[in-house]
Amino acid sequence: MEKSKVLDSLGIQDVNFGATTGGSNGWIQTKGKELVSTSPIDGQPIARVIMADRRAYDSVMEKATAAFASFRMMPAPKRGEIIREIADVLREKKEALGTLVAMEAGKIKAEGLGEVQEMIDIADFAVGLSRQLYGLTMHSERPMHRMYEQWHPLGIVGVITAFNFPVAVWSWNALVAGVCGDAVLFKPSSKTPLTAVAIQNIIAPVVDKYGIEGIFNLVIGSREDVGEPMLHDKRIPLISATGSTAMGKHVGEVVGGRLGRTLLELGGNNAIIVTEDADMDMAIRATLFGAVGTAGQRCTSTRRIIVHSSVKEKFVNALVNAYKQVKIGNPLDESTLMGPLIDGRAVSDMENALAAVQEQGGKILYGGGTLTLEGLEDGFYVKPAIVEAENQYPVVQEETFAPILYIIEYDTYDQALAFHNNVPQGLSSAVFTSSVHYQETFLSHMGSDCGIANVNIGTSGAEIGGAFGGEKETGGGRESGSDAWKIYMRRQTNTINWGRDLPLAQGIEFNISGE
Ligand code: UN1
């Protein structure tokens, strides 16, 4: 699909408003600064957005508050029907939206389409979930008493996302929160405003049909006008935020300060352990996808390989060989495997990390440096790097959002596990092995300390059905599948006395004397 067709099909104008309460009538005439969305592919503008100012934020919040009050009255399976229709319109627009993701975020088109597929998958999941928002019943210790718990809609959920998964992460939150009966206020990354506008346009017919304006809201704006007000706003009981650990600490502090809830999905420093008996071919392929895929800009990207000394040379040689064959270029070309980084800052972050690791004692085995591509001179292309390093180097301990892969050698499995866990982050992890002992140790309490731990599968590319998130500085949140829905609802424990007496719990007698 060519650029103009993609934009037309998604209702993207040359100049777009930056706030909506959803549906075809929900767009607000925003009056904030102009935000130009440029493509990392060629550094050229795609379209512009007039950002929301404080007034637009307030009017969206008012509408959302009112909309929540009626939406929560709708039975959950009916809300599920709405999400089912959202899945239908997403299927229709998969090609266009996936292409826009590639244009605006710079990931290759196959991955852009994969991201839209994640949206469709979570929508389907949410439809089923709408009939399964189960609470428990428990046996009361008192006779003729019934005790159970139920889950109620929570309120307005603030969703703050990063550029690298501009549409999927919205859907994990918004579509699950939707069946839970919440309203959603979406603040996308200022790097990817157009994909956010596109989502609103795609779902507009469904919003119109069901008259649910105010449920799926979008506010594109600066940190001062939108970001900070969201964090401080007591009308928002839950903030779900994806981004760096530094950002998450701030979100946690501010929202925690008002005792609001947070769902934080922050930095990762994901490793694959390659044991001496691993299937090398599989390990290489998984490493390539994990480290080079999305140009190393997933929170689940593989950043460290912890490899047994007896197979290190073989592994590194095969990996270098594989890296040499990676076609770097325009992510819209089908043969491209790696597109650009998101912007110039990402390129200098990568350069700085590579300089630092060499200073700290590391050795670049392959790649690094920028690439100037014909016709795409203003794009942000780099060569993915493989670096021999030690786990304790300060730069290895950090998440650099770029395709840098550190190779760390080990001799004993205990040592491998110690290296593995000895980083501040705890998102995703993997072991490639054919040993049941290594596998089960890795998955046991003695093994990986991450929220995601895989065997003979790389660190990235998780399915939506599981709970997604991680421990330590990754923030502890869980979103997407499994029972992650619970954070979008409030739990209520109910005890009902259907007898004619009033026994107290714990056997307490509390009678007026003489009775
Ligand atoms: C992210 O990078 O923020 O597991 C999300 C994965 C994707 C999601 C990544 N399903 O790599």
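All heavy atoms count here, side chains included; hydrogens, waters and symmetry mates do not.
- Using a distance-only test at 3.5 Å, with no hydrogens or angles considered, a donor-acceptor pair links the side chain of Thr474 to the main chain of Gly426.
- Asn391 pairs by the side chain to side chain donor-acceptor pair (under 3.5 Å) definition with Arg304, not counting sequence neighbours.
- Of the possible donor and acceptor atoms, none in the side chain of Thr30 sits under 3.5 Å from a partner among the backbone N and O of Gly32.
- Side-chain contact check for Thr459 and Thr302: at least one donor-acceptor pair (N or O, by modelled atom type) lies under 3.5 Å.
- Heavy atoms only, all atoms of each residue included: Thr441 and Leu417 are closest at CG2-CD1, 3.8 Å.
- With no hydrogens or angles considered, a side-chain donor-acceptor pair links Asp277 and Thr275 at under 3.5 Å.
- Between the side chains of Glu111 and Thr294, at least one donor N or O lies within less than 3.5 Å of an accepting N or O.
- Side-chain contact annotation: Ser309 with Asp411, donor-acceptor N/O pair under 3.5 Å present.
- The closest donor-acceptor contact from the side chain of Gln425 to the backbone of Gly267 lies at 3.5 Å or more, if one exists at all.
- For the side-chain contact (heavy atoms from CB on, under 4.5 Å) test, no residue two or more places apart in sequence or in another chain qualifies with Glu463.
- Not one N or O on the side chain of Asp225 forms a donor-acceptor pair closer than 3.5 Å with the backbone of Asp53.
- Aromatic ring pairs are classed by plane angle as parallel below 30°, tilted from 30° to 60° and perpendicular above 60°; the pair Phe163 and Phe401 is perpendicular.
- Residues Val431 and Ile272 form no side-chain contact, since every pair of their non-hydrogen atoms from C-beta on lies 4.5 Å or further apart.
- With contacts defined as side-chain heavy-atom distances shorter than 4.5 Å, the pair Val60/Leu185 qualifies.
- At a cut-off of 3.5 Å, with distance as the only test, a side-chain donor of Thr195 or Glu104 sits close to an acceptor on the other residue.
- Taking the ring centre of Tyr148 as origin, the terminal cationic atom of Arg146 falls inside the region bounded by 6.0 Å and 45° from the ring axis.
- A side-chain donor from one of Glu479 and Asn173 sits under 3.5 Å from a side-chain acceptor of the other.
- Residues Asn454 and Ser429 bring no donor and acceptor atom of their side chains to less than 3.5 Å of each other.
- Interatomic distance, Met147 CE to His145 NE2, rounded to the nearest 0.5 Å: 10.0 Å.
- You'll find the side chain of Phe216 reaches within 4.5 Å of the side chain of Ile203, heavy atoms only.
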Quiz: residues 77-85 side-chain donor-acceptor pairs under 3.5 angstrom, not counting sequence neighbours:
residue: Arg79; atom: NE; partner: Val179; partner atom: O; Å: 2.8
residue: Arg79; atom: NH1; partner: Met74; partner atom: O; Å: 2.7
residue: Arg79; atom: NH2; partner: Val179; partner atom: O; Å: 2.9
residue: Arg79; atom: NH2; partner: Cys180; partner atom: O; Å: 3.4
residue: Glu85; atom: OE1; partner: Lys209; partner atom: NZ; Å: 3.0
residue: Glu85; atom: OE2; partner: Lys209; partner atom: NZ; Å: 2.9
residue: Glu85; atom: OE2; partner: Tyr210; partner atom: OH; Å: 2.6

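- Remark: the backbone N or O of Val101 is not paired with any side-chain donor or acceptor of Glu115 at under 3.5 angstrom.
- To the nearest 0.5 angstrom, Ser130 atom OG is 11.0 Å from Phe125 atom CZ.
- At a threshold of 4.5 Å between non-hydrogen side-chain atoms, the residues Leu129 and Val176 count as touching.
- Judged purely by atom type and a 3.5 angstrom limit, Lys472 has no side-chain atom pairing as donor or acceptor with the backbone of Asp449.
- The shortest distance between side-chain heavy atoms of Thr20 and Ile28 does not fall below 4.5 Å.
- Atom CG of Leu154 and atom CZ of Arg490 lie 8.0 Å apart (nearest 0.5 Å).
- With respect to Asp58 and Arg55, no salt bridge is recorded, no charged nitrogen being found less than 4.0 Å from a carboxylate O.
- Taking the charged nitrogens against the carboxylate oxygens, Glu265 and Arg478 have no contact shorter than 4.0 Å, which rules out a salt bridge.
- Proximity of a side-chain donor or acceptor of Ser482 to a complementary backbone N or O of Ala484 within less than 3.5 Å is not detected.
- Not a single donor-acceptor pair under 3.5 Å links the side chain of Lys94 to the backbone N or O of Gln117.
- Not counting sequence neighbours, His250 has no partner by the ring-ring contact (aromatic ring centres under 6.0 Å, His included) test.
- The NZ atom of Lys191 sits 9.0 Å away from the CG atom of Leu35 when rounded to the nearest 0.5 Å.
- Smallest separation of non-hydrogen atoms from Asn456 and Phe432: OD1-CA, 3.2 Å.
- Exactly one residue among Tyr134, Trp172, Trp151 makes a ring-ring contact (aromatic ring centres under 6.0 Å, His included) with Trp485. That residue is Trp151.
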Steps toward side-chain contact (heavy atoms from CB on, under 4.5 Å) verdict (Val274, His308): CA-CA 6 Å; Val274 181; His308 191 264; over 6 Å; no
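- In this structure, the side chain of Glu141 engages the main chain of Gln506 through a donor-acceptor pair within 3.5 Å.
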Steps toward side-chain hydrogen bond (donor to acceptor under 3.5 Å, both in side chains) verdict (Asn494, Gln150): CA-CA 8 Å; Asn494 306 112; Gln150 54 175 336; 2.9 Å; yes
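- You'll find the side chain of Leu218 reaches within 4.5 Å of the side chain of Pro188, heavy atoms only.
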CA sep, side-chain torsions, deciding dist, call: Phe165, Lys107, side-chain contact (heavy atoms from CB on, under 4.5 Å): CA-CA 9 Å; Phe165 271 80; Lys107 60 175 74 176; 3.7 Å; yes
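- Between Leu97 and Met119 there is a side-chain heavy-atom pair separated by less than 4.5 Å.
- The salt bridge (Lys or Arg N to Asp or Glu O under 4.0 Å) analysis of residues 162-181, with sequence neighbours excluded, yields no pairs.
- Using a 3.5 Å distance cut-off with no hydrogens or angles, the side chains of Asp208 and Ser24 do pair a donor with an acceptor.
- Taking OG from Ser59 and CD from Gln29, the interatomic distance works out to 11.5 Å, rounded to the nearest 0.5 Å.
- Separation of atoms CG (Asn269) and OH (Tyr406) is listed at 8.5 Å; rounding is to 0.5 Å.
- A heavy-atom distance below 4.5 Å is not found between the side chains of Gln492 and Glu149.
- Scanning all heavy atoms of the two residues, the minimum distance from Ser448 to His420 falls at OG-CE1, 3.6 Å.
- The shortest non-hydrogen separation linking Arg261 to Lys486 is NH1-O, 4.0 Å.
- Residues Leu194 and Leu100 come closest through the heavy atom pair O-CD2, 3.8 Å.
- Shown here are the ring-ring contact (aromatic ring centres under 6.0 Å, His included) partners of Tyr413, two or more places apart in sequence or in another chain: Tyr438.
- A distance-only check finds no donor-acceptor pair linking the side chain of Thr400 to the backbone of Ala402 [under 3.5 Å].
- Summarising the geometry of Ala64 relative to Ala183, their closest heavy-atom pair is O-CB, 4.1 Å, with the distance given to 0.1 Å.
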